[in-house]
Trainee: 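Have a look at this one before I ask anything.
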Amino acid sequence: MDITNRDQIYQFAKEWVLEAGEHIRNVIDEPLTIDTKSNPNDLVTQMDRNTEEYFAKKIKGTFPAHKLLSEEGFGDNLETLDGTVWIIDPIDGTMNFVHQKRNFAISVGIYQDGVGEIAFIYNVMEDILYHAKKGQGAFKDIVKLPKLDEKVTLDQSILLINSLWSGENKRINHEKIQDLVRKVRGTRSYGSAALEFAGIAEGVLDGYISMKLYPWDFAAGVILIEEVGGTTSQANGKALNFLTENTVFSGNFQIAKEIIDNYIELK
Ligand code: IPD
Ligand code: CA
Ligand code: CA
């Protein structure tokens, strides 16, 4: 993707993200059709589907050769990340969207032959746009975000972790995770992976562990974090797979090393 091409794609993507978000804000109080997917707590609404369809039509109409990897079925069935691939979560944090009408985001990561080039994470209700182009830093609206503070140590950190590690998840050593939770200064769980990545990029949160995320949950976040000098990988430190579900760790390199070396034991 050359620079001119990338700037053009960035401008279209930004316009569509803001327009989709504005529409959601305008109809936020209208009745919702709520369905469930894999289990009774896995929610989806017509707004998730309509928003994804909106992006699919815009992308295919403007850039017919581009591909779409997305959550709600309007994307392509991809076996590789060859070419220009938009990886989109139309609403990340659907449970928050349904229950709280806030704390959800539109997440768009654009990759060229597997390399992250453009990222948008839009906190719709707060109208805050996190965005990045590879090599040019990450921004919160017009403010450039500083590089992550590598001096923050684990015992001074706020760790994002949700309850997916507990209960039925037999893959992880529970005692070690309990040690980790005791070690850090505090834990948080916001219910939108995209906003959690954005919080790390902003430096107000320090690390994020998830036992299960899909490419559309992390595609934009990975780019933002990279632009502030952080790292994102599977929870055991291996490279992420963008074509399937993953465990995920994200944060500064210092905390990543400490957590991955000492606290994560995947069976
Ligand atoms: C979910 C959110 C949540 C994470 C889940 C995701 P969705 O995305 O990002 O924070 O814990 O694993 O599935 O379903 O609201 O798009
Ligand atoms: Ca999601
Ligand atoms: Ca979603």
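Predicted, not measured: the structure shown is a model, and the values here were computed from it. Heavy atoms only: backbone and side chains are in, while hydrogens, waters and symmetry mates are out. Read the numbers this way: they start at 1 and go in the same order the structure lists the ligands and their atoms.
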Trainee: For side-chain hydrogen bond (donor to acceptor under 3.5 Å, both in side chains), just list the numbers for N103 and S192, CA-CA rounded to whole Å, side-chain angles, deciding distance to a tenth of an Å, and then say yes or no.
Mentor: CA-CA 7 Å; N103 298 327; S192 159; over 6 Å; no
Trainee: As a test of understanding, state which of D48, D42, D89, T45 forms a side-chain hydrogen bond (donor to acceptor under 3.5 Å, both in side chains) with T94.
Mentor: D48
Trainee: Run the side-chain contact (heavy atoms from CB on, under 4.5 Å) test on L154 and L180 for me, step by step, so that the C-alpha distance in whole Å, both residues' side-chain angles and the decisive distance to 0.1 Å come before the verdict.
Mentor: CA-CA 9 Å; L154 200 49; L180 173 61; 4.0 Å; yes
Trainee: Once rounded to the nearest 0.5 Å, what's the spacing between atom CD of E71 and atom OH of Y214?
Mentor: 8.5 Å
Trainee: Of all the N, O or S atoms in D217, which one sits nearest to the Ca ion (ligand 2)?
Mentor: OD1
Trainee: Give yes or no for whether the N/O distance cutoff of 3.5 Å, strictly under, is met between T94 and ligand 1.
Mentor: yes
Trainee: Rounded to 10°, how many degrees is the angle O/I91-the Ca ion (ligand 3)-OE1/E71?
Mentor: 170°
Trainee: Could you tell me whether the Ca ion (ligand 3) has an N, O or S atom of D48 under 3.0 Å away?
Mentor: no
Trainee: Closest non-hydrogen protein atom to atom 5 (C) of ligand 1, residue and atom name please, with distance?
Mentor: L213 CD2, 4.4 Å
Trainee: Write the atom name of the N, O or S atom in D92 that is nearest the Ca ion (ligand 2).
Mentor: OD1
Trainee: With a 4.0 Å heavy-atom cut-off (strictly under), which part of D89 contacts ligand 1: side chain, backbone, both or neither?
Mentor: side chain
Trainee: What I want to find out is whether D179 reaches K176 closely enough, with some N-O distance under 4.0 Å, to be called a salt bridge.
Mentor: no
Trainee: For atom 3 (C) of ligand 1, which candidate among G191, G221, S210 provides the closest heavy atom?
Mentor: G191
Trainee: So if I count the atoms of ligand 1 from 1 in the order they appear, which ones are less than 4.0 Å from some heavy atom of S192?
Mentor: 9 (O), 10 (O)
Trainee: Considering N162, D217, I91 one by one, which has a heavy atom nearer to atom 11 (O) of ligand 1 than any of the others?
Mentor: N162
Trainee: Write out the residue and atom name of the closest protein heavy atom to atom 7 (P) of ligand 1, then the distance separating them to 0.1 Å.
Mentor: G93 N, 3.7 Å
Trainee: Can you name the N, O or S atom of D89 that is closest to the Ca ion (ligand 2)?
Mentor: OD2
Trainee: Nearest 0.5 Å please: distance from the CZ atom of F139 over to the NZ atom of K144.
Mentor: 5.0 Å
Trainee: With a 4.0 Å cut-off, would you call D217 and K212 a salt bridge?
Mentor: no
Trainee: Is there a nitrogen or oxygen of A193 sitting under 3.5 Å from a nitrogen or oxygen of ligand 1?
Mentor: yes
Trainee: For H131 and Y10, take the angle between the two ring planes, folded into 0 to 90°, and tell me which bin it lands in: parallel under 30, tilted 30 to 60, perpendicular over 60.
Mentor: tilted
Trainee: Note the single closest protein heavy atom to atom 1 (C) of ligand 1, along with its residue, its atom name and the distance in Å.
Mentor: D92 OD1, 3.9 Å
Trainee: Run the side-chain contact (heavy atoms from CB on, under 4.5 Å) check on R49 and F74 step by step: do they pass?
Mentor: CA-CA 8 Å; R49 297 195 186 99; F74 295 91; 4.0 Å; yes
Trainee: Which bit of K212 is near ligand 1, meaning a heavy atom under 4.0 Å away: side chain, backbone, both or neither?
Mentor: backbone
Trainee: What residue and atom, counting heavy atoms only, is the protein's closest point to atom 14 (O) of ligand 1, and at what distance?
Mentor: E71 OE2, 3.8 Å
Trainee: Do D92 and S107 pair up side chain to side chain, a donor and an acceptor below 3.5 Å, judged on atom types alone?
Mentor: no
